[in-house]
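Heads up: the structure comes next, in structure tokens.
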Amino acid sequence: MSNATISIQLPDGSVREVARGTTPYDIALSISPRLAAAVVVARIRPLATTAVTATAADEPSEEAMYGAAVSGERLVDLAAPLTEDVALELLKENDEAALRVVRHSAAHVMATAILELFPEAKLGHGPATDSGFFYDIYRETPFTEADLAAIETRMAEVVARDEKFVREEESREAGLAEYQAKGEFMKVHFIERFTHAGETISLYRNGGFVDFCRGPHVPSTGRVKAFKLTSVAGAYWLGDEKNQQLQRVYGTAFFNGKDMEAHFKRLEEIKARDHRVLGRQLDLFSIQEVAGAGLIFWHPKGGLIRKTMEDWMREECIRRGYDMVFTPHIMRRELWKISGHDGFYGQNMYPPMELDDAEYRLKPMNCPGHILIYKNSPKSYRDLPARYAELGNVYRFERSGTMHGLLRVRGFTQDDAHIFCTPQQIEGEVAACIEFAESVLKTFGFEEFKVELSTWDPNDRKSYVGSEENWLFASGSLKKVLEAKGIPYREIPGEAAFYGPKIDIKLVDVLGRMWQLSTVQFDFNLPQRFELEYKGEDGELHRPVMVHRALFGSVERFFGVLIEHYAGAFPFWLAPVQVGLVPISEKHLEYAQRVKATLEAAGVRVELDTRNEKMNAKIRDFTLQKVPFVLILGDKESGSGSVSVRTRGKGDEGSVALESFLERTQALQAAKGVAL
RNA sequence: GCCGAUGUAGCUCAGCUGGUAGAGCAACUGAUUCGUAAUCAGUAGGUCAGCGGUUCAAAUCCGCUCAUCGGCUCCA
């Protein structure tokens, strides 16, 4: 191979020898002009093994954004001269990574528009996100809706100008000096943080706009074909609320208008299954302004679902060897001082209530209560493991902008349990917890979930309580259990609580969104603070190991997720009204009453619509309430003791004998399945 | 807590640049007695989130408070 040529390997395995400095665009053009027109960006992977370049120190979010891999694989501009032997992939308008490049380019287009309209604005960063892009802007006066519209209009002009994105390089020192002179404090920070002395920095220019940026971009602004600004929100510089507040202008961009339409349609669908919207439509729960933010009122129908969830959970706990306990909602402040919550968790607790005998505080956690039960009598190794479970109401004073329907509230119910055991019992207990968690998710209809193992950062010993031996042992047993069960997990060092490592289970709902619910956590702190003990076989006193575990996590949150997961169309066993009865006319009311009595005697939840409405209206209302079965009752049915069945999602299924319908409901009730 | 937006009947919303409120659905009453997603007519329903201010006059303008929404931050 001569020095003047390099080898380009294409995805089909073929290799081309081209002049050094040839660009991906040149290669696309040599393959076909249509390919050249459709290609957005190129992915290269150096073929030489030593080719791993110094991209490791780049900004983490950018890293995630472009998915840089260990092999030195990276995305480059189509106009980037190729200087080494590479495997080359030309990404067209059907590629996820290419879409992110379009979105990031759209962020540049937006920044261009903003600076043209508001020259005083200072730029932060403008990455692509999962659903679009944003750019952080510092400006004294906040942007208004009208500003957004103006920016969007100007963006369209920038796109129409079809300005080329040109990569330029200059010395880091020159770049820094320029940005410092212009007071671009954020750009200065980024250059200082992500580049090193002596390096060159890359700038991207389109028309009159230049931005310090790693790239890559689409070839020209004209390639940002479909975009829309969606909102503006506050964000702190570097995510620290002590810093100045920036304005984060959000938008989204797509390869074409059709994709964008589909995206907004999907947003509509998500909104239609929003648990806050369905909660009102289906009359499940409410939040009342007079009562206070973040406090949930469970209406009869929501309450019934909750009761079903809780009954199942209690039975399951008992079956699995837990003891159900109850502990008070308020306890003396002294207790919270011993547990440490009064100090390190104090800001999240409701303030103390001054009473005659002492100060009391509302409980934010159930652990101290369970510990007091454990401590109430001396324990021996024969008493372990002790598993105390409670559907405990806790109150946490969440900051006022953070509440969100059922998913983030101030008063909630944890299906909390604390297991006190010997170190030898740990593994078995953790395994049982994980199994239990799987059973919860499966029973409630979630097939997919992700597991995270949070461990400590061994380089930051002082941030964690407990001995190194304990930490290694506990993390090791958590890991062992996951591996023995063949559960894939992600380990996140440094994410553990200060008191112990934990396993979090995040479930994935029908829309692919993740929710953190179940958690299994070790605690080396509380047994020590409360001086928990048990007498071992050896006659000596030992300190038990403590495991916190919540599977629904919070009953409120789990319910919220359930509502969205099913879009309010709950499986038969959970549906608050399982069967709706529609008498065709008043003269069928009597038969309807008899059907109702028969079904109710068998434990079926029935609602009879006695209103003076046409049957069509009644069917419609039950359908909108997502009732699993609607039974139409007229002359034919009352004459033969049958019911005409209309099934949710299926429609009219014709008449069957009342007894056989009843059997069907009994089978569904027992199966707890989703299908009707 | 911070930035921005919003708050009108049970629900979804209209109400222009200030002249003390309107629709559809729901509710109630009556007529209708009906075969698989909305029968017709009538009635009733609102301290326009709350408090304060400007004004002859405030749903509308100003201030504060509360709540909600989208983010930041935080978290079950």
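B:G24 and B:C11 make up a base pair, with Watson-Crick or G-U wobble contacts both under 3.5 Å. B:C2 is paired with B:G71 under the criterion used here, namely a Watson-Crick or G-U wobble arrangement in which both key atom distances are under 3.5 Å. The partner of B:G18 cannot be assigned: no Watson-Crick or G-U wobble pair with both contacts below 3.5 Å exists in any strand. Pair check for B:A31 finds B:U39; Watson-Crick or G-U wobble, both atom distances under 3.5 Å. Using Watson-Crick or G-U wobble geometry with both donor-acceptor distances under 3.5 Å, B:U60 finds no partner in any strand shown. Pair check for B:A49 finds B:U65; Watson-Crick or G-U wobble, both atom distances under 3.5 Å.
Each of A:L246 and A:N348 was assigned the nucleotide of RNA chain B with the nearest heavy atom; the assignment lying further toward the 5' end belongs to A:L246. Along RNA chain B, the nucleotide closest to A:R280 and the one closest to A:Q247 are compared, and the more 5′ of them pairs with A:Q247.
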Q: Produce a footprint string for nucleotides 59-68 of chain B: one letter per nucleotide, 5' end first; B if the base is under 4.0 Å from any protein heavy atom, S if only the sugar-phosphate is, - if neither.
A: -------BSS
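Nucleotides B:A14 and B:A67, compared at atom P, are 24 Å apart to the nearest Å. Atom C1' of B:C48 sits at a distance of 38 Å from the matching atom of B:A76, rounded to the whole Å. Comparing the same atom, C1', in B:C25 and in B:G18 gives a spacing of 31 Å after rounding to whole Å. Taking atom C1' on both B:C75 and B:C13, the two are 35 Å apart, rounded to the nearest angstrom. A gap of 14 Å separates the P atoms of B:A27 and B:G10, to the nearest Å. Taking atom C1' in both B:G15 and B:A58, one finds a spacing of 14 Å when rounded to whole Å. On the C1' atoms, B:G46 is 16 Å away from B:U12, given to the nearest whole Å. When the P atom is compared between B:G7 and B:U17, the two are found 14 Å apart, to the nearest whole Å.
Taking the six-membered ring wherever Trp is involved, the centroid distance between the rings of A:Y464 and A:F498 does not fall below 6.0 Å. Checked against the 6.0 Å centroid threshold, A:H548 and A:Y499 count as a close aromatic pair. Checked against the 6.0 Å centroid threshold, A:F629 and A:F661 count as a close aromatic pair. Taking the six-membered ring wherever Trp is involved, the centroid distance between the rings of A:H125 and A:F190 falls below 6.0 Å. The distance between the ring centers of A:F444 and A:W312 falls below 6.0 angstrom. When ring centroids are compared, A:F446 and A:H565 come within the 6.0 Å threshold.
In the set B:G35, B:U33, B:U39, the nucleotide with an atom closest to the side chain of A:A617 is B:U39. Side-chain proximity of A:I584 to the nucleotides B:A37, B:C75, B:C34 is greatest for B:C34.
A cation-pi contact, defined as under 6.0 Å to the ring centre and within 45° of the axis, links A:R248 to A:F134.
Residue pairs meeting the salt bridge (Lys or Arg N to Asp or Glu O under 4.0 Å) criterion with at least one partner in residues 389-398 of chain A, sequence neighbours excluded, are A:K363-A:E390, A:E398-A:R408. Applying the salt bridge (Lys or Arg N to Asp or Glu O under 4.0 Å) test to residues at least two apart or on different chains, the pairs with a partner in residues 297-306 of chain A are A:K301-A:E607, A:R306-A:E310, A:R306-A:E556.
Put simply, the side chain of A:Q245 and the base of B:G1 share no donor and acceptor less than 3.5 Å apart. Side-chain N/O atoms of A:Y236 and base N/O atoms of B:G1 include a donor-acceptor pair closer than 3.5 Å.
OP1 and OP2 of B:U36 both lie 4.0 Å or more from every side-chain N or O belonging to A:N616. Taking only side-chain nitrogens and oxygens, A:R399 never comes nearer than 4.0 Å to OP1 or OP2 of B:C75. A:H404 has a side-chain polar atom (N or O) that falls below the 4.0 Å cut-off from OP1 or OP2 of B:G70. At the phosphate of B:C34, OP1 or OP2 sits under 4.0 Å from a side-chain N or O atom of A:K587.
Annotation: proximity of residues 642-651 of chain A to RNA chain B (heavy atom, distance under 4.0 Å) is found for A:S644, A:R646, numbered in ascending order.
Rounding to whole angstrom units, CG of residue A:L517 and P of B:C75 are separated by 16 Å. With rounding to whole Å, A:R611 atom CZ is found 8 Å from B:A26 atom P.
Residue-nucleotide stacking is present for A:F412 and B:A76, judged by a side-chain ring centre under 5.5 Å from the six-membered base ring centre and planes under 30° apart.
By the ring-ring contact (aromatic ring centres under 6.0 Å, His included) test, A:Y395 is found to be paired with no residue, residues two or more places apart in sequence or in another chain being considered.
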Contact list (N/O, under 3.5 angstrom) for nucleotides 29-31 of chain B vs protein:
{"unit_1": "B:A31", "atom_1": "N6", "unit_2": "A:N612", "atom_2": "ND2", "d": "3.3"}

